[in-house]
Amino acid sequence: MPTQVNRVLEIVSLHKNQDYLHATEAAHRYLQQYPEDEVVLQILGDSAIQSGNIDVGEKVMTLLLQWGRTASRLQCMSTVRAAQGNLAEAERLLQEALRVDPGHAGSWSAIANLRQFQPNDPLITKAKRALRWSGQTDKQRRAICYALCKAMNDLRKWDQAWDYAAKGAALAETSYNPDLFRDWLADVEATFDAEFLEPLAGRGLSTNAPIFIVGMPRSGTTLMESILAASDSVSPMGEMMTIAEFAQRASQDDRARGNAPSAHGWVRRWNKDAFRRAGDHYLSMVAQRYGGNAPQHFTDKLPNNVLYLGQIGLIFPNARIIRMHRNALDTCVSCYLGELRNGHDYTYRTDWLADAALGYGRIGDYLSGMIPNPVLDVCYEDLVSQPEPQIRRVLDFIGVEWNADCLEPAMFGYSTTTRSAAQVRGAINTNSVGRWRRYANKIAPLADALGVDLATAA
């Protein structure tokens, strides 16, 4: 039987790996026996918030803040307030967090995404001062660099913004291996071929409740989910790690058998019951958010699920898939200029970033043509410039009646804990179209790696 320490370590690991739904579940079980464990309570609160269970997160953070106003707790409560649309209170809490701990990395990251910086902003002075402190860790300095990148962008100082992002990226510790990623993608294509997939037709669950919104990070997945949430017929689940985590665990077992890290042999050993069990587990995680019953339609907007379309096709062969596309330069620039969550270390180098973007595109093209699922390709630029015809097209695809509220998703309380928390509170707009032009004198290596001619693109 696992010891108390081992149980805590397991919960910490689930949280660190962003498996927030399982972390929430494990923390709940643990706290039934040890209800005042502040470490696990903190994980429960943050995991609940990150998985979209804002009410639970708010209750836990309210309790913890009564016990002590630490920077981490203040940051978590700020995330709650931002998700609820109270951006002013969210920023106030982050200001308090930075008074408690001027180097708190999470608070610097969060406040940069919420705040619209102004000339002579005192927070810029504070960030520059904090960056010079000798006691800062690389993680703290990196977060401050990205905050200053956002500030320089707000002030339209494009070169300085890019330079701060480059400084932040240089401080990252990463074991990312682009060759391993290429091998992994190649093995996906070798595994999910017609010979393998055709005999498996009809396995898995027949439900069409899940709607997967996939694509490269920063390609518009959050905007799409907010639009569908405004329809009142689709419930937003945010970024669920369940499919990816299931695949990763199976892959770990496969490696224990001596197979290569890029191998997908485990998929070929699945039986009919395995597909259904995976689907049942996924739906049970959704149902926990909705009083025990999964909604008739819900979205999972984890962009990375584009890499797992093969598994989705086997588990949920009737699920609708909305695949977002955005100008590659704009997508990559957006990824580079703001630190993403764990698991996206390729964003710290422009050559890795370009390679990943091309890989995401290729594997999405390949798997979309192999799986049985209906797939709809949506262009971000078309969506923001011609919202009504594009939204009608999407609603028709998922079988939901037209609702004019979808044209103004910011009015209907959609919440997210991603970098887009403040952006989704604004109207649909074209402000980010052609963003790459601001950095044209900085991105020649990125454009070359993407195979884009800047002279022609301009």
Side-chain angles (χ1 to χ4, degrees), residues 17-18 142 146 149 162 165-166 168-192 212-222 239 241 243-245 247-248 251 260-264 301-312 321 323-368 377-380 418-420 432 435-436 439 442-452 454 457:
N17 291 329
Q18 301 178 69
R142 187 170 75 244
Y146 282 112
C149 169
W162 187 272
L171 291 167
E173 293 184 9
T174 174
S175 58
Y176 180 75
N177 185 336
D179 291 331
L180 181 60
F181 180 63
R182 292 189 205 103
D183 291 345
W184 190 90
L185 293 178
D187 199 72
V188 170
E189 292 192 27
T191 299
F192 292 95
F212 293 93
I213 306 172
V214 305
M216 183 75 178
R218 310 300 295 166
S219 63
T221 56
T222 300
E239 297 185 351
M241 293 293 295
I243 298 291
E245 181 65 22
Q248 289 161 9
S251 180
S262 61
H264 288 76
K301 64 152 295 275
L302 183 71
N304 277 19
N305 275 333
V306 72
L307 305 176
Y308 301 100
L309 289 179
Q311 288 87 338
I312 289 171
I321 294 168
R323 187 174 166 217
M324 297 299 300
H325 301 266
R326 185 184 178 192
N327 175 281
L329 283 174
D330 278 342
T331 303
C332 289
V333 164
S334 184
C335 287
Y336 188 72
L337 292 177
E339 192 169 29
L340 301 178
R341 293 174 177 173
N342 294 339
H344 298 284
D345 286 6
Y346 57 84
T347 61
Y348 294 128
R349 279 179 44 172
T350 56
D351 55 339
W352 291 351
L353 182 52
D355 191 59
L358 294 172
Y360 270 65
R362 282 195 301 268
I363 202 63
D365 289 344
Y366 175 79
L367 291 173
S368 293
D377 293 291
V378 177
C379 172
Y380 171 82
T418 70
R419 274 173 54 193
S420 303
S432 295
R435 184 185 183 193
W436 65 266
Y439 316 94
K442 296 282 189 178
I443 62 171
L446 172 62
D448 288 344
L450 287 170
V452 175
L454 285 178

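Note: hydrogens, waters and symmetry copies are ignored here, and every other heavy atom, side chains too, is used. What you see is a predicted model; the values in this text were computed from it and never measured.
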key: By side chain to side chain donor-acceptor pair (under 3.5 Å) - contacts of D365 (at least two apart)   = R323
query = When rounded to the nearest 0.5 angstrom, what distance separates CG in L340 from OG1 in T347?
reply = 5.0 Å
request  = Mind checking ring-ring contact (aromatic ring centres under 6.0 Å, His included) for Y146 and listing every partner two or more places apart, or none if nothing turns up?
outcome  = none
Pair L367-I312, side chain to side chain contact (heavy atoms under 4.5 Å, CB included): steps then yes or no = CA-CA 10 Å; L367 291 173; I312 289 171; over 6 Å; no
ask   = In Å, rounded to the nearest 0.5 Å, how long is the span from CE of M241 to CD of Q248?
value = 5.5 Å
query = Are any non-hydrogen side-chain atoms of V378 and I213 less than 4.5 angstrom apart?
reply = no
ask   = Do the non-hydrogen side-chain atoms of R326 and M216 ever get within less than 4.5 Å of each other?
value = no
inquiry  = For W162 and Y439, take the angle between the two ring planes, folded into 0 to 90°, and tell me which bin it lands in: parallel under 30, tilted 30 to 60, perpendicular over 60.
reply    = tilted
CA sep, side-chain torsions, deciding dist, call: T221, V214, side chain to side chain contact (heavy atoms under 4.5 Å, CB included) = CA-CA 7 Å; T221 56; V214 305; 6.0 Å; no
inquiry  = Quick check against the 3.5 Å criterion: does D330 have a side-chain atom that pairs as donor or acceptor with the backbone of R435?
reply    = yes
ask   = Looking at side-chain heavy atoms only, is the closest gap between P217 and Y346 below 4.5 Å?
value = yes
Donor-acceptor pairs under 3.5 Å, side chain of residues 350-357 to any protein atom, not counting sequence neighbours: which ones?
residue, atom, partner, partner atom, Å
D351, OD1, R349, NE, 3.1
D351, OD2, R349, NH2, 2.6
D355, OD1, R182, NE, 3.2
D355, OD2, R182, NE, 3.2

query = side chain to side chain contact (heavy atoms under 4.5 Å, CB included) between Y308 and F212: does it pass, once the steps are laid out?
reply = CA-CA 11 Å; Y308 301 100; F212 293 93; over 6 Å; no
note = By side chain to side chain donor-acceptor pair (under 3.5 Å), D183 pairs with (sequence neighbours left out) none
key: Q311 vs H264 side-chain heavy atoms within contact, under 4.5 Å   = yes
task = Take H344 and N304 through the side chain to side chain contact (heavy atoms under 4.5 Å, CB included) test and state the conclusion after the steps.
result = CA-CA 10 Å; H344 298 284; N304 277 19; 3.2 Å; yes
key: side-chain contact (heavy atoms from CB on, under 4.5 Å) partner of S368, the single match among I321, L309, V306   = L309
key: Residue pair P303 / E239, side-chain heavy-atom distance below 4.5 Å   = yes
message = Tell me the closest heavy-atom pair linking L358 and A449, and the distance in Å.
response = CD1-O, 3.6 Å
note = Sorted by chain and number, sequence neighbours left out, side chain to side chain donor-acceptor pair (under 3.5 Å) with Y366 holds for none
key: Minimal non-hydrogen separation, L329 against N327, with atom names   = N-OD1, 2.9 Å
ask   = Is there side-chain contact between S219 and Y360, with at least one heavy-atom pair below 4.5 Å?
value = no
query = Closest approach of C149 and L337, non-hydrogen atoms and distance?
reply = SG-O, 3.3 Å
ask   = What's the shortest heavy-atom distance between Y336 and A166, and which atoms?
value = OH-CA, 3.3 Å
R142: partners by side chain to side chain donor-acceptor pair (under 3.5 Å), with sequence neighbours left out = E339
query = Parallel, tilted or perpendicular: which describes the rings of F181 and W184, with under 30° parallel and over 60° perpendicular?
reply = parallel
